[in-house]
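Worksheet for the structure shown next.
Numbering starts at 1 and runs along the sequence shown.
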Amino acid sequence: MNFFNIIDLLAEADPDVLDRFSSRRAVFNSLGTVAQRAALATSPLFLGALFQKAYAGTASLPTDILNYALTLELLEADFYRQFLAAGQIPAGAAFDAITVIKTHEDAHVAYLHDAVIKAGGTPVTGSSTAGIRFNPSLLPATYADQLKYAQVLEDTGVRAYKGRAAELIGTDLLTPVLQIHSIEARHAAHIRTMRGQQPWVSIGDDLAADANYKAAYTSGVASSTRTTIALGGTTYGIPTFNPAQPSPQESNLQQGAAGTKLALLITTGIGSTTYLPDDAAAAFDEPLQAAEVLDSSRAGGLLA
């Protein structure tokens with residue numbers, strides 16, 4: 001399968017197809033070595049993500065995606081500010097870890113704020129008293145429960161970045177956004193360890209079974225969907241959400257669906273090897289769509 005031949009065939013049927021994509025060079029600009037690019041160009045997963053980006057019903061601007069990420073980072077940064085100020089964190093390793101995570105979130109906020117401006121947009125803003133911030137009335141009184149909120153925020157952040165990374169293929173923003181995604185995943189793993197849980201998502205997660213937190217580990221929306229978000233002094237767009245196509249839940253055991261290719265059941269579908277459901281679910285993190293992340297049942301419900 002040759003990627004460029006496919007593009008040429010599409011161009012015959014749709015003369016505007018090349019306007020939908022970045023240039024051929026730009027599409028592959030951030031994809032590594034020649035060998036890596038050649039491998040990706042023959043990947044159904046890569047092609048599916050690229051075509052979804054080109055033909056999606058709602059095309060998001062880079063500034064939309066950056067402001068979406070900035071919304072989440074501002075929420076997390078303010079949560080950790082309140083977490084530290086509450087004075088419940090034990091001195092020593094726990095306090096040091098939360099302090100470092102707060103420093104990371106502040107750095108993410110600063111980078112994304114500048115990136116929106118450089119991309120020609122108006123960044124969303126937040127402070128301890130205005131704009132995008134964590135609702136102080138939701139901060140639990142105890143350290144143990146505060147850590148639960150930290151885990152939910154970090155796990156949701158990881159899924160949020162994964163849900164939109166494909167929209168940045170072919171741009172210079174892909175690498176730094178994936179770098180932030182990686183750090184959010186490390187935060188999530190460390191918070192889980194601090195709680196005495198496994199560092200990865202699993203079917204047996206205690207919060208996934210807790211009515212107060214389980215929405216973060218499912219999918220779909222509880223409130224009406226929007227394609228325009230007005231927060232933090234500006235507005236930005238998010239893709240249209242189709243209620244019939246929610247994101248996979250974290251307990252998902254099937255992977256690899258692309259086009260007409262059916263998903264593979266991980267527990268039994270890999271040669272003669274079988275895997276326990278918990279191991280299969282833990283091996284793959286699942287994305288969340290923007291409307292799901294900003295829904296009142298998840299991050300949207302934590303905003304002041």
Side-chain angles (χ1 to χ4, degrees), residues 56 58-85 101-139 149-150 152-168 171-181 183-184 187 216 221 223-241 287-304:
T58 301
S60 296
L61 298 171
T63 50
D64 291 333
I65 301 171
L66 291 171
N67 263 327
Y68 167 70
L70 182 53
T71 297
L72 301 178
E73 296 296 341
L74 283 165
L75 176 63
E76 289 181 330
D78 191 60
F79 166 78
Y80 284 110
R81 178 190 65 79
Q82 295 184 40
F83 192 178
L84 287 163
I101 291 175
K102 171 65 164 63
T103 301
H104 293 168
E105 304 297 1
D106 288 342
H108 295 167
V109 166
Y111 169 78
L112 291 167
H113 180 275
D114 289 348
V116 172
I117 294 175
K118 290 177 181 177
T122 301
V124 294
T125 58
S127 69
S128 61
T129 58
I132 296 170
R133 62 197 190 282
F134 183 83
N135 189 337
S137 68
L138 298 177
L139 186 72
Y149 265 89
V152 166
L153 278 169
E154 296 294 353
D155 284 346
T156 301
V158 172
R159 298 184 71 187
Y161 275 100
K162 185 171 184 178
R164 303 207 70 180
E167 294 180 64
L168 294 174
T171 76
D172 293 335
L173 296 170
L174 180 62
T175 295
V177 165
L178 288 182
Q179 288 173 323
I180 294 175
H181 171 262
I183 296 302
E184 295 297 338
H187 290 172
V221 299
S223 55
S224 60
T225 61
R226 301 167 290 168
T227 56
T228 301
I229 305 299
L231 286 171
T234 191
T235 60
Y236 60 89
I238 61 172
T240 301
F241 177 76
L288 277 174
Q289 298 172 60
E292 293 172 318
V293 173
L294 297 176
D295 186 62
S296 60
S297 64
R298 298 185 186 85
L302 303 179
L303 293 166

Distance-minimising heavy-atom pair for L173 and P62: CD1-CB, 3.9 Å
Could you check if a side-chain atom of Y236 sits within less than 4.5 angstrom of a side-chain atom of L66, using non-hydrogen atoms only? no
Close side-chain approach of T225 and T240, heavy atoms under 4.5 Å: no
Hey, mind stepping through L70 and V109 against side chain to side chain contact (heavy atoms under 4.5 Å, CB included) and telling me if it holds? CA-CA 6 Å; L70 182 53; V109 166; 4.0 Å; yes
Any side-chain heavy-atom pair from P123 and I117 closer than 4.5 angstrom? yes
Got a second to check how far L178's CG is from I183's CD1, nearest 0.5 Å? 12.0 Å
Can you find a pair of side-chain heavy atoms, one from L303 and one from L75, that are under 4.5 Å apart? yes
Do the non-hydrogen side-chain atoms of I180 and L112 ever get within less than 4.5 Å of each other? yes
Between E184, H187, E76, which is the residue that forms a side-chain hydrogen bond (donor to acceptor under 3.5 Å, both in side chains) with H104? H187
For F79, which residues count as a ring pair (Phe, Tyr, Trp, His ring centres under 6.0 Å) partner, sequence neighbours excluded? F83, F134
If you define the side chain from C-beta out and look only at heavy atoms, does anything of V124 sit under 4.5 Å from T234? yes
May I ask you to say whether D155 pairs ionically with R159, meaning some side-chain N is under 4.0 Å from a carboxylate O? no
Output for pair (H113 NE2, T122 OG1), nearest 0.5 Å, gives 9.5 Å
Mark yes or no for whether D295, through its side chain, and S223, through its backbone, hold a donor-acceptor pair below 3.5 Å. yes
Hey, are the side chains of D64 and E167 touching, using non-hydrogen atoms and a 4.5 Å cut-off? no
In this structure, CG of L302 is separated from CG of L294 (nearest 0.5 Å) by 11.0 Å
Within-4.5 Å side-chain heavy-atom neighbours: P136 and Q82: yes
